[in-house]
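Since we're looking at a predicted model, the values are computed, not measured. Numbered from 1 within each chain, the chains take letters A, B, ... in sequence-line order.
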Protein chains: 2
Amino acid sequence: MYDKLLDHIRQNVPGTGIEKQILKEYFTPTLFEKKEHFLKQGYICKFAGFVIEGCYRNYMLSTKGKEVNTGFGFENWWLGDVGSFVNQTPTLINTQFLEDTTLLTITAKNHLELLEKSQCFREYTNKLRSTATAASVSKLSGLSESASTRYKVLLEKYPKIQQRVSQKQIASFLQITPEALCRLRKSEIP
Amino acid sequence: MYDKLLDHIRQNVPGTGIEKQILKEYFTPTLFEKKEHFLKQGYICKFAGFVIEGCYRNYMLSTKGKEVNTGFGFENWWLGDVGSFVNQTPTLINTQFLEDTTLLTITAKNHLELLEKSQCFREYTNKLRSTATAASVSKLSGLSESASTRYKVLLEKYPKIQQRVSQKQIASFLQITPEALCRLRKSEIP
DNA sequence: TAAAATCGTTGACCTACATCAAGACTTTTA
DNA sequence: TAAAAGTCTTGATGTAGGTCAACGATTTTA
């Protein structure tokens, strides 16, 4: 289990390393069931988590209280709200698991300590945070495209998403109804 | 002119100060004409600017090449792309002036130097950057609302925007056509 | 394992907004 | 200051996607 995190660190920060023993000290294996929440709007993000196996969705609430998906995550992804985690302020993000999911979790305090302790982990964290920012930009630029275009882009980016995520959840991400997605698929893919 | 910047710093970082002489050393008054660009996609952001008088729009290009406004700025706002400015990487942002505009500009190099030199300016910059991030979140959460709702929210947030910005530009921000905005106004405001 | 809930699909109908066109006004340019 | 360009408005018409309803298939719950 710790090997998966170790591999991910090595992939992102080649040439350096961190001992598995340290990861074992700082990270705790945690199991969540499908439909459980990792994070809810208004709460403070106490943990960050690395997905060993499973998947989740992030969503926001519209002013009318409707859930709007903002993204999905799978194996080897991190979850948690950096802003809330670092500043210990309430988050705006909701994170819910779409499958039974195994995580390695770390508390904010331990995360800070590990950043101090390990140059490698510091570089790894920096790298992830800068690419996360870039990702949110590409999300913005996806605006003003038709639902059909957004769907194609999504499938290009995550070809396997249809095997893991229900159409209802994908529709929410595309900001259309499940009925509209159903018709869109029928008309475009045959 | 420098007093406007000085006031803004004092408002955001009360209790401390910075000498006007230092601002004069580091910032250069610069005049842009209406329709000129401050920043174009693909270029590196060499300067940051503080608006003394005037206004501008930020926009992105959709995949079809259409300009989509992402925001407007007025007196006492900063312009420039932090990511591009700090890392000297190409920006994705376009900034164009909607009126003849007077700025105080500072180069990336001088900005760094001033950050080193002045504790007060460091706090000021930190504060602005953290609130800018919060603003971009609120932009995201405005999604999935109707054009009419987004328009109301915009007018609540910037009541005077109609006196400064054309309906064409506002329509682009709301992601509707100018015709649609015209009809929306007629049906809702009288 | 039976009952209840949820999901994907399809049909009928409706609405918000796009597109195209044209005229009155204002602003910019030569 | 005359001509050109852009802005705002209004009308006619088209369309993507929403809403509501129904039904079989799958999944969840008791």
Side-chain angles (χ1 to χ4, degrees), chain A residues 32-37 54-55 57 59 62-69 72 96-101 142-155 161-190, chain B residues 31-37 54-57 59 62-69 72 96-101 142-155 161-190:
Chain A
F32 285 88
E33 287 188 4
K34 183 172 176 172
K35 291 192 185 172
E36 275 190 283
H37 276 83
C55 83
R57 68 180 178 120
Y59 66 91
S62 77
T63 52
K64 277 158 255 146
K66 207 180 68 178
E67 297 177 0
V68 180
N69 288 346
F72 304 102
Q96 185 189 37
F97 296 101
L98 299 173
E99 301 172 354
D100 291 351
T101 299
L143 293 180
S144 92
E145 314 294 341
S146 70
S148 152
T149 306
R150 277 177 280 141
Y151 184 51
K152 277 182 209 142
V153 170
L154 177 70
L155 290 189
I161 201 169
Q162 298 185 90
Q163 276 87 64
R164 302 282 293 269
V165 177
S166 72
Q167 286 187 215
K168 186 189 168 183
Q169 298 300 344
I170 292 178
S172 166
F173 179 78
L174 298 174
Q175 309 215 40
I176 58 177
T177 57
E179 292 96 322
L181 177 56
C182 178
R183 285 169 181 131
L184 199 156
R185 283 160 54 85
K186 203 172 58 155
S187 70
E188 307 220 347
I189 302 192
Chain B
L31 188 72
F32 286 88
E33 287 188 6
K34 183 171 175 171
K35 291 192 184 174
E36 276 191 283
H37 275 82
C55 83
Y56 65 89
R57 69 181 177 119
Y59 65 91
S62 77
T63 51
K64 277 157 255 146
K66 206 180 68 176
E67 298 177 358
V68 180
N69 288 345
F72 304 102
Q96 184 189 36
F97 297 101
L98 299 174
E99 301 172 353
D100 291 352
T101 299
L143 293 180
S144 91
E145 313 294 341
S146 70
S148 152
T149 305
R150 277 177 281 141
Y151 184 52
K152 277 181 210 144
V153 170
L154 178 70
L155 291 190
I161 203 170
Q162 299 185 91
Q163 277 87 64
R164 303 281 295 269
V165 177
S166 73
Q167 287 186 214
K168 186 189 167 184
Q169 298 299 345
I170 293 177
S172 166
F173 178 79
L174 298 173
Q175 307 215 43
I176 57 178
T177 57
E179 293 96 322
L181 177 56
C182 178
R183 286 170 180 130
L184 199 155
R185 284 160 53 85
K186 205 173 57 156
S187 69
E188 307 220 347
I189 303 193

Phosphate oxygens OP1/OP2 of D:dT9: is one of them under 4.0 Å from a side-chain N or O of B:Gln167? yes
Do the side chain of A:Gln96 and the main chain of A:Lys35 share a donor and acceptor less than 3.5 angstrom apart? yes
Judged by modelled atom types alone, do B:Arg150 and B:Gln175 share a side-chain donor-acceptor pair under 3.5 Å? no
Indicate yes or no for a side-chain donor-acceptor contact from B:Asp100 to the backbone of B:Glu33 under 3.5 Å, with no hydrogens or angles considered. no
Return the polar atom pairs (N/O with N/O) between nucleotides 4-6 of chain D and the protein under 3.5 Å, or none.
none

Counting distance only, does the side-chain N/O of A:Arg164 pair as donor-acceptor with the main-chain N or O of A:Gly54 below 3.5 Å? yes
One should read off an interatomic distance between A:Cys182 SG and A:Lys168 NZ, to the nearest 0.5 angstrom, of 15.0 Å
Verdict with reasoning, B:Leu98 to B:Phe72, per side-chain contact (heavy atoms from CB on, under 4.5 Å): CA-CA 9 Å; B:Leu98 299 174; B:Phe72 304 102; 4.0 Å; yes
Just to confirm, is there a sub-4.0 Å distance from OP1 or OP2 of D:dT28 to any side-chain nitrogen or oxygen of A:Lys34? yes
Checking side-chain contact (heavy atoms from CB on, under 4.5 Å) for the pair B:Arg57/B:Val165: CA distance, chi angles, key distance, verdict? CA-CA 9 Å; B:Arg57 69 181 177 119; B:Val165 177; over 6 Å; no
Say whether, by atom type as modelled, one donor and one acceptor occur between the side chain of A:Asn69 and the main chain of A:Gln169 under 3.5 angstrom. yes
Quickly work out the A:Glu99 CD to D:dT27 C1' distance and round it to whole Å. 15 Å
Assess the residue pair B:Tyr56 and B:Thr101 against the criterion (side-chain contact (heavy atoms from CB on, under 4.5 Å)); give the C-alpha distance rounded to whole Å, side-chain angles, the decisive distance to 0.1 Å, and a yes or no. CA-CA 8 Å; B:Tyr56 65 89; B:Thr101 299; 5.8 Å; no
Could you write nucleotides 17-24 of chain D as a row of B, S and -, 5' to 3', where a protein heavy atom under 4.0 Å of any base atom gives B, of only sugar-phosphate atoms gives S, and otherwise -? SSBBB---
Spacing of CG belonging to B:Leu154 relative to CG belonging to B:Leu174, to within rounding of 0.5 Å: 6.0 Å
Heavy-atom contact window of chain A on DNA chain C, given 5' to 3' at under 4.0 Å: C:dC7 to C:dA12
